[in-house]
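Chain A is the first sequence line, chain B the second, and so forth, proteins listed ahead of strands; every chain is numbered from 1. Just so we're clear, the structure is a prediction, and the values are computed from it rather than from any experiment.
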There are 2 protein chains.
Amino acid sequence: MSVPRAGLDAATITAAGAALADEIGFTELTMGKLAERLGVRSPSLYKHVASQDDLNRRIAALAYAEMADALGAATQGRAGRDALAAAAHALRDFVVTHPGRYASTVGLTPTGPDDPVATASLRGLGPFEAVLRGYDIPPEKMTHALRALRSTFHGFANLEATNGFQWSTDVGESFEWLIDLIDHGLRHAAGRE
Amino acid sequence: MSVPRAGLDAATITAAGAALADEIGFTELTMGKLAERLGVRSPSLYKHVASQDDLNRRIAALAYAEMADALGAATQGRAGRDALAAAAHALRDFVVTHPGRYASTVGLTPTGPDDPVATASLRGLGPFEAVLRGYDIPPEKMTHALRALRSTFHGFANLEATNGFQWSTDVGESFEWLIDLIDHGLRHAAGRE
DNA sequence: CTCCTTGGCTAATTGAATTAGCTAAAAGCT
DNA sequence: AGCTTTTAGCTAATTCAATTAGCCAAGGAG
């Protein structure tokens, strides 16, 4: 009796896992549910990914890569406050649209410098670096500025994603306000010594 | 044969859980390990807490309360950039000293406005509000400013806690730089219209 | 001293990850 | 086409943590 193969591979599984995580929530993602989604039994997944942790890392790496692309596209041809706002909005959109993917990136400690997660998260910084280039930050301060941008926008995204904001005051407005705050801070930083 | 009771209650269990989470990592915290630490069998814990999720929420609420106390103490009698820096450092210290407690607060969606987690996290904002009072922020912008502070410092703490910073450039220095950035941003916000 | 509530225990259930070992599908080779 | 080898998917079995059921004694109330 011919039963054709499913034709799975790590990339397909990772993509399906990311999609499912977006639908049902990252913490709800399970090998069993993912297998079912792919029309396969859970042990079969282990022919392509080593473990659930491995799967999670692959999803996170994918998410970082997609974020980098989205940020890169959004900031193309823009500079200064314009680029900053575009990057911030692109990141926020990504988190809203792909909550599961985003959650996969939160709280994952890279195992080492060669970990795909580490590499991908580094690559995700590229667009932020491009944004900063428009601010004349002294080169030796670049790292600080980069870290500041990451902290700020990931912090906001994270709070928003977990319902951390309680009152009803418009969150979008707060976001614009935050962009202004950072813009002025960076502009000032460009000036000092 | 008299076997004396352990004399547990929810508060004791929560405290022990928080301490254990700090030691072995929040994700490693398990009902079994916690029970063992308390010299009791795991089903016994269910006489005091409803589930692991319930336990996690209690730990998170405890963590928020402790953070609020630490921030409050640190900012006592300070104002302006001074208060800002004190709050930021206190938060960072807390995260470094109590990684498990901090992790418990990340990614927990409050179940409702009456959720102890929600209440405690709100209470945790008090000190930030006090800091902002030293900046003459227009009252209608206060919410935005509060959200900005939370985003920024939680974002930094989170990245640091998960090894998100890769290069060796001194993280403490980046932290100081970030404080400056926010300080100038807030000062500017106080001025505009 | 007796009754009643309640905290802790053992045994059993459930659900998810993961491993072992089998078989047939693909892919290569002649 | 036939033969061999690799490998993807399957079922069965294991492990481990959460949780529930049901028992019993400890400790407080009268």
Check side chain to side chain donor-acceptor pair (under 3.5 Å) between S104(A) and all other residues, then give those that pass, not counting sequence neighbours. none
How long is the line joining CG of L8(B) and P of dG27(D), in whole Å? 13 Å
With respect to the side chain of Y46(B), which nucleotide from dG8(C), dA18(D), dG9(D) is positioned closest? dA18(D)
Within residues 37-50 of chain A or reaching into it, pairs that qualify as side chain to side chain donor-acceptor pair (under 3.5 Å) - sequence neighbours excluded: E23(A)-R37(A)
Does anything in residues 121-139 of chain A form a side chain to side chain donor-acceptor pair (under 3.5 Å)? List the pairs, not counting sequence neighbours. D69(A)-R123(A), S121(A)-Q166(B), Y135(A)-D183(A)
Tell me whether H89(A) contacts the main-chain N or O of A85(A) through its side chain, where contact means a donor paired with an acceptor under 3.5 Å. yes
Quickly work out the K47(B) NZ to dT5(C) P distance and round it to whole Å. 14 Å
Of all residues at least two apart in sequence or in a different chain, which pass the side chain to side chain donor-acceptor pair (under 3.5 Å) check with T12(A)? D9(A)
Could you state the CG-P distance from D54(A) to dA17(C), rounded to the nearest angstrom? 14 Å
Not counting sequence neighbours, which residues clear side chain to side chain donor-acceptor pair (under 3.5 Å) with E160(B)? List them please. R92(B)
For the helix from dC1(C)-dG30(D) to dT30(C)-dA1(D), figure out the bend between the end axes, five pairs an end, and round to 10 degrees. 10°
What's the CD-C1' distance between E28(A) and dA16(C), to the nearest Å? 12 Å
Just the rounded figure in Å: distance from C1' of dC10(D) to CG of L38(A). 16 Å
With sequence neighbours excluded, tell me which residues meet side-chain contact (heavy atoms from CB on, under 4.5 Å) with T162(A). N158(A)
Looking at H48(B), does any N or O in its side chain come under 4.0 Å of the phosphate oxygens OP1/OP2 on dT6(C)? no
With sequence neighbours left out, write down each residue that passes side-chain contact (heavy atoms from CB on, under 4.5 Å) with T111(B), or none if nothing qualifies. R57(B), D115(B)
Would you kindly give the CG-to-P distance between L45(B) and dG8(C), to the nearest whole Å? 9 Å
Contact list (N/O, under 3.5 angstrom) for nucleotides 5-7 of chain D vs protein:
from: dT7(D); atom 1: O2; to: R5(A); atom 2: NH2; distance (Å): 3.1

Once base and sugar-phosphate atoms are separated, protein heavy atoms under 4.0 Å mark nucleotides 11-17 of chain D, 5' to 3', with B, S and - as BB----S
Could you tell me which residues satisfy side chain to side chain donor-acceptor pair (under 3.5 Å) with E66(A), sequence neighbours excluded, listed by chain and number? R101(A)
Over 60° means perpendicular and under 30° means parallel, so classify the ring planes of F156(A) and F175(A), tilted if in between. tilted
Taking salt bridge (charged side-chain N to carboxylate O under 4.0 Å, His left out) as the definition, give me every residue that meets it alongside R58(A), ordered by chain and number, with sequence neighbours left out. D54(A)
